[in-house]
Chemist: 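Dropping the structure in here first, questions after.
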Amino acid sequence: MRLQTLLSYLHDFTAYVGENPDITSIEMDSRQVKKGALFICIKGFTVDGHDFARQAVENGAAAIIAERPLDVDVPVVVVRNSRRAMAVLADAFYGQPTHKLHLIGVTGTNGKTTTTHIIEHIARKAKKKTGLIGTVNVKIGDHTYPTQNTTPESLLLQRIFKQMVDEGVEIAAMEVSSHALHMGRVHGCDYDVAVFTNLTQDHLDYHGTMEEYRNAKGLLFAQLGNRYDHKRPKFAVLNNDDPASQYYKHMTAATVITYGVETDSDIMAKQIEMTPNGMAFDLVTPYGMVRVQTKLIGLFNVYNLLAAVAACLVSGFSLPAIVEAIADMTGVAGRFETVDEGQNFIVIVDYAHTPDSLKNALQTIRQFAKKKVYVVVGCGGDRDRTKRPLMAQTAVKYADVAIFTSDNPRSEPPEQILRDMEAGVAQGHYVTIVDRKEAIHYAIEQAQEGDIILIAGKGHETYQIIGDRIMEFDDRAVARKAIKERRGTC
Ligand SMILES: CC(=O)N[C@H]1[C@@H](OP(=O)(O)OP(=O)(O)OC[C@H]2O[C@@H](n3ccc(=O)[nH]c3=O)[C@H](O)[C@@H]2O)O[C@H](CO)[C@@H](O)[C@@H]1O[C@H](C)C(=O)N[C@@H](C)C(=O)N[C@H](CCC(=O)O)C(=O)O
Ligand SMILES: Nc1ncnc2c1ncn2[C@@H]1O[C@H](COP(=O)(O)OP(=O)(O)OP(=O)(O)O)[C@@H](O)[C@H]1O
Ligand SMILES: N[C@H](CCC[C@H](N)C(=O)O)C(=O)O
Ligand SMILES: [Mg+2]
C-alpha cells in the first residue's frame, strides 16, 4: 500500500515531507523493522520510540510516523498523537478486519479470561471457527500463540484480527483490559458485544482512583458502535449485581442485556446447588428456563457463566446448544486447577491476585473444606501497592494457615513487597517465606489428610520475574514435585 493511500485514513497529520513509498509492513519496534516498513515512534513508559527512528531507517524503514520532525532520510509524517495514529493506520493497513468478525469484548477486574474461554467453548461446540485473545494466549482455531499483554497494542491486535479473518474465524472473544482501554490499544475495534464482569480494587498504581479505573472500563461501552444497524446490532452485557453497571448503562447507546443472581435481570441463576465437583442452577432467560449442570465451581463462576450465556444468546446461539456446551466445559488453565498426584490432601492452583478474587477463591474452598485450609500467596511488584495489605488480610481471614511469599517481584525488592503485605495483619497470624518454591514445599510438607492448599496469584504462568530476570517457574510443576518428594518418589 502506498504511503499516501494509507495517510488518507489519517485526518490529523500536521506535516508530511518527502516521497510516496510503497509500505509493506508497519512496525512500532525498530528491531522488527524490515525494508519497506512504516515505523511508528511511540513514547513509552520506559523509552521514547523517537530515539530509535534512525535505527529503524538503518533497518530499512521507508517512512516514519512521529510526534515531531526528525532528521532522517525517509519521509516523516508528523501527527499529534502517534498511538492514536497507529490504531487508525493498523486498522486500515490490515483491511479493517474487525468489520468482518463477530467480536465480543470482555472487561472487568476479574473473570475476563474465564468468561472469554466459556464463550469460545460454546462457539466451538456450535461448529464455529473461533478466535481468542487474552492473558493465557492468543488462539486462532486450534493454534495457540504466546502473548505478552492481556490486550495487545493496536498494531499487533489488528494483525491478529487480520490473521483470524484470513483463516476464516467467524467469532472472536477477547479480554479488554483497563490499561488497553485507557491507552487506546483497542481504538478502531468494532465490537458487536461488550461484556462487563465486575469492578473491585486493582491497578490503582496505573489508574490512581477507583473512579478513574471504573471510567477506563466504561470506554468499552461508550465506544460500542453509536449507530443503529439492524444487520449488526450492538449489545452491552452488564452484571446487574455490580453497582458500576448502572454507570455503564448510561454510557452506551447499545441494547443493554443484564445478568445477575441477586438483582432482577434479563438472565439469572436461581436455585444454585454447589458440590466440590461442580454446580447446578436454574438458568432463567427470555427464551425460557433450563437447569444447567457445570463442572466449574464457585459462585464467581456462576457469574462468569451468566455473562458468557448472555453474550452467546445475543450472538445468536440457541439456549439448548449453550446449555449442552456448558455441561462439558472443564476449567481454564491455572484457574482453580487441581494438582493431583494421588495425595490425601487437595492442592489448588489459582490466578487470584486481587483482594476480591482471593476472597472468592478462599470462600469457595471454605464451603467444602472439612479440615485445614492453607493459602500460599504473594503480590506482584510494580503493581498496585495498596492491594497488598488487603490481600494479606483476606488470606489471614479466610485461611487457617497463611503463607506469604513472592509473586513476580519485578523491579521491587521481594522483602519490601512482603513488608507491605505484613503491614495489613497482626504478627503471629502468618508465615513469611520469601522464596516461592520453598513456600509451596512448606505448605505441602505441613498438610495433613483432608486439608486443602490454595496456591494463589500465578495460575497458568510458567515464569517468575525477579529483577530483570525471567525464570522458569510453574506453581503446578513445583507443587507436583513437592508432593512426590514428600512421598519419597522423586
Ligand atoms: C506499562 C505498560 O503497559 N507497558 C507496555 C508498553 O511498554 P513500554 O511503554 O515500557 O514500552 P517502551 O519499552 O518504553 O518502548 C516504547 C517504544 O519504543 C520502541 N522501541 C524500544 C526499544 C528499541 O530498541 N526500539 C524501539 O523501537 C518500543 O517498541 C515501543 O514502541 O508497551 C509494550 C508494548 O506494547 C507493552 O508490552 C508494555 O506492557 C507491559 C509488559 C505491561 O506489563 N503492561 C501491563 C501494565 C498491562 O498492560 N497489563 C494489562 C492487563 C492488566 C489486567 O487487566 O490485569 C494488559 O493488557 O496486558
Ligand atoms: N467473576 C469473578 N469474580 C470474582 N473473582 C473471579 C471471577 N472469575 C474468576 N475470579 C477469580 O479471579 C481469578 C482470575 O480470573 P480470570 O483469569 O478469569 O480473570 P481476569 O479478569 O482475566 O484476570 P486478569 O486481569 O489478570 O487478566 C480466578 O483465578 C478466580 O480466583
Ligand atoms: N494482568 C495482571 C496479572 C497479575 C498476575 C500476578 N501474578 C502479578 O504478577 O502481579 C497484572 O499485570 O497486573
Ligand atoms: Mg485475564
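Remember, it's 1-based here, ligands and their atoms both numbered in the order they're listed. Because the structure is a prediction, the values reported are computed rather than measured.
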Chemist: Could you tell me whether the side chain of Thr258 and the main chain of Asp266 form a donor-acceptor pair under 3.5 Å?
Modeler: yes
Chemist: State whether the shortest distance between N or O atoms of Phe336 and N or O atoms of ligand 2 falls below 3.5 angstrom.
Modeler: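 For ligand 2, there is no N or O atom that lies under 3.5 Å from one belonging to Phe336.
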Chemist: For ligand 1, is any non-hydrogen atom under 4.0 Å from Tyr351's backbone (N, CA, C, O), its side chain (CB onward), both, or neither?
Modeler: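 Under 4.0 Å from ligand 1, Tyr351 contributes no heavy atoms.
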Chemist: If only atom types and distance count, is the side chain of Lys125 paired as donor or acceptor with the main-chain N or O of His121 below 3.5 Å?
Modeler: no
Chemist: Kindly state if atom 6 (C) of ligand 1 has a protein heavy atom within a strict 4.0 Å cut-off, that is, under 4.0 Å?
Modeler: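 So atom 6 (C) of ligand 1 lacks protein heavy-atom neighbours under 4.0 Å.
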Chemist: Ignoring hydrogens, just give me the one of Glu153, Met183, Arg185, Glu27 whose non-hydrogen atom is nearest atom 35 (O) of ligand 1.
Modeler: Glu153
Chemist: For ligand 1, does Lys112 get within less than 4.0 Å through its side chain, its backbone, both, or neither, judged by non-hydrogen atoms?
Modeler: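 Contact part for Lys112 vs ligand 1: side chain (C-beta onward).
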Chemist: Check contact between Thr200 and ligand 2, using heavy atoms of the residue and a distance below 4.0 angstrom.
Modeler: no
Chemist: Taking non-hydrogen atoms only, is Ala180 closer than 4.0 angstrom to ligand 1 via side chain, backbone, both or neither?
Modeler: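 Under 4.0 Å from ligand 1, Ala180 contributes no heavy atoms.
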Chemist: Counting only heavy atoms closer than 4.0 Å, does ligand 1 sit against the backbone of Lys43, its side chain, both, or neither?
Modeler: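 The answer is neither; Lys43 stays 4.0 Å or more away.
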Chemist: What part of Phe45, side chain from CB on, backbone N/CA/C/O, both or neither, has a heavy atom under 4.0 Å from ligand 1?
Modeler: both
Chemist: So is His203 touching ligand 1 or not, going by heavy atoms under 4.0 Å?
Modeler: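 The answer is yes: ligand 1 sits under 4.0 Å from a heavy atom of His203.
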Chemist: Within the distance-only criterion (no hydrogens, no angle test), does the side chain of Asp282 pair as donor or acceptor with the backbone N or O of Gln271 below 3.5 angstrom?
Modeler: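 No.
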Chemist: Please enumerate all residues that pass side chain to side chain donor-acceptor pair (under 3.5 Å) together with Arg31, with sequence neighbours excluded.
Modeler: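 Side chain to side chain donor-acceptor pair (under 3.5 Å) check on Arg31 returns Asp29.
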Chemist: Given 3.5 Å as the limit, does a donor-acceptor pair link the side chain of Ser406 with the main chain of Val434, or not?
Modeler: yes
Chemist: Is the terminal nitrogen or CZ of Lys112 (NZ for Lys, CZ for Arg) located under 6.0 angstrom from the six-membered ring centre of Phe196 and within 45° of that ring's axis?
Modeler: no
Chemist: Nearest non-hydrogen contact with atom 8 (N) of ligand 2 belongs to which option: Asp356, Asn360, Asn304, Thr107?
Modeler: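 Looking at heavy atoms only, Asn304 sits closest to atom 8 (N) of ligand 2.
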Chemist: Can you check whether Asn301 has an N/O within less than 3.5 Å of an N/O in ligand 2?
Modeler: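 Such a contact does not occur with ligand 2.
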Chemist: Taking a cutoff of less than 4.0 Å between a non-hydrogen atom of the residue and any ligand atom, is His117 in contact with ligand 2?
Modeler: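 Under 4.0 Å: no for His117.
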Chemist: Counting only heavy atoms, which portion of Gln148 has something under 4.0 Å from ligand 1: side chain, backbone, both, or neither?
Modeler: side chain
Chemist: Please work out, at 4.0 Å between heavy atoms, whether the side chain, the backbone, both, or neither of Gln32 comes within that distance of ligand 1.
Modeler: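 Answer for Gln32: neither.
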Chemist: Would you say ligand 2 has an N or O under 3.5 Å from any N or O of Tyr303?
Modeler: no
Chemist: How does Asn110 reach ligand 2, by side chain, by backbone, by both or by neither, if only non-hydrogen atoms under 4.0 Å count?
Modeler: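 Contact part for Asn110 vs ligand 2: both backbone and side chain.
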Chemist: Name the residues with a heavy atom less than 4.0 Å from ligand 3?
Modeler: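 Shell around ligand 3 (4.0 Å, heavy atoms): His203, Tyr351, His353, Gly380, Arg383, Asp407, Asn408, Arg410, Gly457, Lys458, Glu461.
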Chemist: Of Thr114, Asn198, Asp202, which has the heavy atom at the shortest distance from atom 2 (C) of ligand 2?
Modeler: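 Selected option, by shortest heavy-atom distance: Asn198.
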Chemist: For atom 37 (O) of ligand 1, what's the nearest protein heavy-atom neighbour? Residue, atom name and distance, please.
Modeler: Asn149 OD1, 2.6 Å
